[in-house]
Amino acid sequence: MSQDAANQNPVKLDFVRQIVADDCKSGKWDGRVVTRFPPEPNGYLHIGHAKSVCLNFGIASEFGGKCHLRFDDTNPEKEEQEYVDSIIEDVKWLGWDWGENLFFGSDYFQQMYDWAVDLIKKGKAYVCDLTAEQTREYRGGVEGGKDSPYRSRSVEENLELFEKMKNGDFPDGAKTLRAKIDMAHPNFNMRDPVMYRIVHATHHRTGDNWCVYPMYDWAHGLEDSIENITHSICTLEFENHRPLYDWFLDALEVYHPQQIEFARLNLTYTVMSKRKLLKLVQDKLVAGWDDPRMPSLSGMRRRGFSPEAIRNFCRTISVNKFNSTVDFALLEHCLRQDLNKTSPRVMAVLNPLKVVIENYPEGQIEQLEAVNNPEDSSAGTRQVPFSREIYIERDDFMEEAPKKFFRLTPGREVRLRYAYFVTCTDVVKDSDGNITELRCTYDPATKGGDAPDGRKVKSTLHWVCAENALDAQVRLYEHLFTKENPDDVEEGKDFTDYINPNSLTTLTGCKIEPSLRNAAPLSRWQFERLGYFCVDTDSKDGNLVFNRTATLRDEWAKIKNAQKK
RNA sequence: UGGGGAAUAGUGUAACGGUAGCACGAGUGGCUCUGAACCACUUAGUCAAGGUUCGAAUCCUUGUUCCCCAGCCA
């Protein structure tokens, strides 16, 4: 029974959960629910994988079942331990727990081999000497293929040859083991698919033990069967492979899970294929797999995404059988929803403009109380220093204020958050006319931010005390691509031609309030009025580095934009 | 020209023969010591055409459009 249903808070079930729920009701699997997340360790996990992870682990937890983490490591030429490690880290970070159920397809190589021998004995598999190119020719097109000349070898000969293949008696590509199905089948996957190929390569786990490696179609169903999976959930492109998945398991007469296919995730302004992400990394178009602009989970973690936000996002987009592209804004919404509740507030100035408060005593520093998180009273308060010289955001001052600009301008009174009302009295400029400093006066009666006479101000600014400010580097990010769909390329171009030149802006000399002096790497903060920021892993003592995870929603930016037009 | 899938507001998703709803986005207003958050309102949809039915997004027929498949990758 689904937890949500048990809580009498029935959520609408997606089609996969509906199947699982129906099966639980009918007792199809004796009430068991066993799913698996089966990544190939040939790349880092990305937000698209998170959809699958959350589906599989989510179903297991909601229906009182379990979910295995299984590495589908059947191709030694592409797979590496580095990827195994990163995948484990990422799934764990997302908050899922596979308990004892960490498996590797390669652990089943012997069982798979034995089953292949069974199939040969049943006359349902044969050793084929056709080259890769010949195999393709024989497979044929829509009109059908033709039988391999090796199709009718005797069981004895097949057994002997297959053993020799295993023992390494033949060079790479010399022979394959194929299932004997139907070369005229309208589904190409059923035209005597290859089960084993000869590869003399060192596997990251089994070393040089094997010279033959199983193909996906052969291996995957067997892995599922061995692990007693009930619902084998995979992406849409495997729909064509389901008849073969079923054929192998039926031919072997072994435990037979149900394969269910769903549509993979697409997101605007990003690419999601491992191949393309790898190219971005290898061509150094980004700083690595964990570059905060990458949709990889390691990148998003470094950017400041919370696991909670990603999990909510995956639940929100649901799952279906048709291709769709989710608006990046929805991801951002889920992000902000979580960070708003959980991020401590802090004041930071990205583009500092010095302000001297002329009637404030020189040399005086007072501590003012600031709320850490208005969404969470248990987060308490902290003291923020204030003095005669402070920094405010350059964008918060305009000498000639347009309509609807409520912030500081000569002669106007505004509030410095948690501090005082101040009025701008003078603008200091250099010889080129650039504003270098503002002169203000303050009203001592407004300490804390409220006027005893009840007068109001239109706007509240964040600020940082000049004397105590911490210097920091802040990295601002925008979409990695300028195009909503970077895969939709014009003639002669490729997706890398649409990389956004402004995807990364590095700001130095940013001013941060002193409470962040020892902020831990990957800790998440809201810089008031600016956005959510995360301490980068490059950050070191005395050399703070922040990533902007996301901006706050910004009404003024919209107005400004509209006024420009 | 073969096979396998799929079509619901701009986007993502519900409705399982009985009032087409929710979220995001966009817009308007309210509130505010974050132009945030929060609150209210507005916007906009069943791929098409037939049929069955008292009643169709849902069932049937025909058509249209889109996605996947001819690796010894997964």
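Just so it is clear, the structure is predicted and the values come from calculations on it, not from any experiment. A note on names: the letters A, B, ... follow the listed sequences, proteins ahead of strands, and every chain is numbered from 1.
Here the separation of B/G27 from B/G63, taken at their P atoms, is 44 Å to the nearest Å. When the P atom is used for both B/G5 and B/C54, the distance is 33 Å, rounded to whole Å. To the nearest whole angstrom, the two C1' atoms, one in B/C38 and one in B/C31, are 8 Å apart. Taking the C1' atoms as reference points, B/A9 lies 11 Å from B/G25, given to the whole Å. A distance of about 31 Å separates the P atoms of B/C68 and B/C16, rounded to the whole Å. The P atoms of B/A20 and B/U58 are separated by 13 Å, rounded to the nearest whole Å. A gap of 45 Å separates the C1' atoms of B/U32 and B/A7, to the nearest Å. One P atom belongs to B/C22, the other to B/G45, and the distance between them is 15 Å to the nearest Å.
Computed from coordinates, the A/Phe262 CZ to B/G5 C1' distance equals 15 Å when rounded to whole Å. As a whole-Å value, the separation of A/Phe15 CZ from B/G5 P is 13 Å. Regarding A/Glu555, its CD atom lies at a distance of 13 Å from the C1' atom of B/G30, rounded to whole Å. One can place CZ of A/Phe328 at 16 Å from P of B/G12, the figure rounded to the nearest angstrom. Rounded to whole Å, the distance from CG on A/Asn340 to P on B/A36 is 12 Å. One interatomic measurement links the two molecules: CG of A/Leu335 to P of B/A37, which rounds to 13 Å at whole-angstrom precision. Atom-to-atom, CZ of A/Phe322 to C1' of B/C47 comes out at 13 Å; the value is rounded to the nearest Å. Between A/Leu339 atom CG and B/A37 atom C1' there is a gap of 13 Å when expressed in whole angstrom units.
Neither OP1 nor OP2 of B/G12 sits under 4.0 Å from any side-chain N or O of A/Thr325. Look at A/Arg553 and you won't find any side-chain N or O under 4.0 angstrom from OP1 or OP2 of B/G35. Contact check, A/Arg242 against B/G3: no side-chain N or O comes under 4.0 Å of OP1 or OP2. Taking side-chain N and O atoms only, A/Arg315 has no distance below 4.0 Å to OP1 or OP2 of B/U13. Listed pair A/Lys458 / B/U32 fails the phosphate criterion, with no side-chain N or O lying under 4.0 Å from OP1 or OP2.
Heavy atoms of A/Arg407 sit under 4.0 angstrom from at least one base atom. No contact: A/Tyr213 has no heavy atom under 4.0 Å from any strand. In this structure, A/Glu143 reaches neither bases nor backbone, as no heavy-atom distance under 4.0 Å exists between it and the strands shown. Across all strands, A/Phe405 comes closer than 4.0 Å to base atoms (heavy-atom distances).
Screening residues 211-220 of chain A for salt bridge (Lys or Arg N to Asp or Glu O under 4.0 Å), with sequence neighbours left out, gives no hits.
The aromatic ring centres of A/Phe405 and A/Trp556 sit less than 6.0 Å apart. Taking the six-membered ring wherever Trp is involved, the centroid distance between the rings of A/Phe386 and A/Tyr418 does not fall below 6.0 Å.
Base pairing in RNA chain B yields stems of at least 3 consecutive Watson-Crick or G-U pairs, both distances under 3.5 Å, namely B:2-7 with B:64-69, B:10-13 with B:21-24, B:25-30 with B:38-43, B:47-51 with B:59-63.
Positionally, the nearest nucleotide of RNA chain B for A/Val319 lies more toward the 5' end than for the other of A/Lys404 and A/Val319.
Remark: A/Arg178 engages no residue in a salt bridge (Lys or Arg N to Asp or Glu O under 4.0 Å) (not counting sequence neighbours). Every residue was checked against the side-chain hydrogen bond (donor to acceptor under 3.5 Å, both in side chains) condition with A/His479, not counting sequence neighbours, and none meets it. Every residue was checked against the salt bridge (Lys or Arg N to Asp or Glu O under 4.0 Å) condition with A/Glu79, not counting sequence neighbours, and none meets it. Residues satisfying the ring pair (Phe, Tyr, Trp, His ring centres under 6.0 Å) criterion with A/Phe162, sequence neighbours excluded, are A/Tyr113, A/Tyr196. In this view, A/Lys146 satisfies the salt bridge (Lys or Arg N to Asp or Glu O under 4.0 Å) rule with no residue, not counting sequence neighbours. Applying the ring pair (Phe, Tyr, Trp, His ring centres under 6.0 Å) criterion to A/Trp525, with sequence neighbours excluded, gives no partner residue. Taking the side-chain hydrogen bond (donor to acceptor under 3.5 Å, both in side chains) definition, one finds that A/Arg151 meets it with A/Asp192, sequence neighbours left out. In this structure, the salt bridge (Lys or Arg N to Asp or Glu O under 4.0 Å) partners of A/Asp129, at least two apart in sequence or on a different chain, are A/Arg153, A/Lys175.
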I'd like a table of atom pairs between the protein and nucleotides 18-24 of chain B - only N or O on both sides, under 3.5 Å - with the distance next to each one.
none

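A/Thr423 and A/Arg412 form no side-chain donor-acceptor contact under 3.5 Å, judged by distance and modelled atom types alone. A/Tyr108 and A/Glu227 form a side-chain donor-acceptor contact under 3.5 Å, judged by distance and modelled atom types alone.
The base of B/U34 sits within donor-acceptor range of the side chain of A/Gln526, with an N or O pair under 3.5 Å.
For B/G21, the O4'-C1' to base torsion is more than 90° from 0; the nucleotide is therefore anti.
Taking the six-membered ring where tryptophan is involved, the planes of A/Phe71 and A/Phe104 are essentially parallel, since the angle between them stays under 30° and well short of 60°.
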Across nucleotides 69-74 of chain B, 5' to 3', mark each nucleotide with B, S or - according to how protein heavy atoms within less than 4.0 Å reach it.
BBSBSB
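Applying the 5.5 angstrom centroid cut-off and the 30 degree plane-angle cut-off, the aromatic ring of A/Phe406 is stacked upon the base of B/G35.
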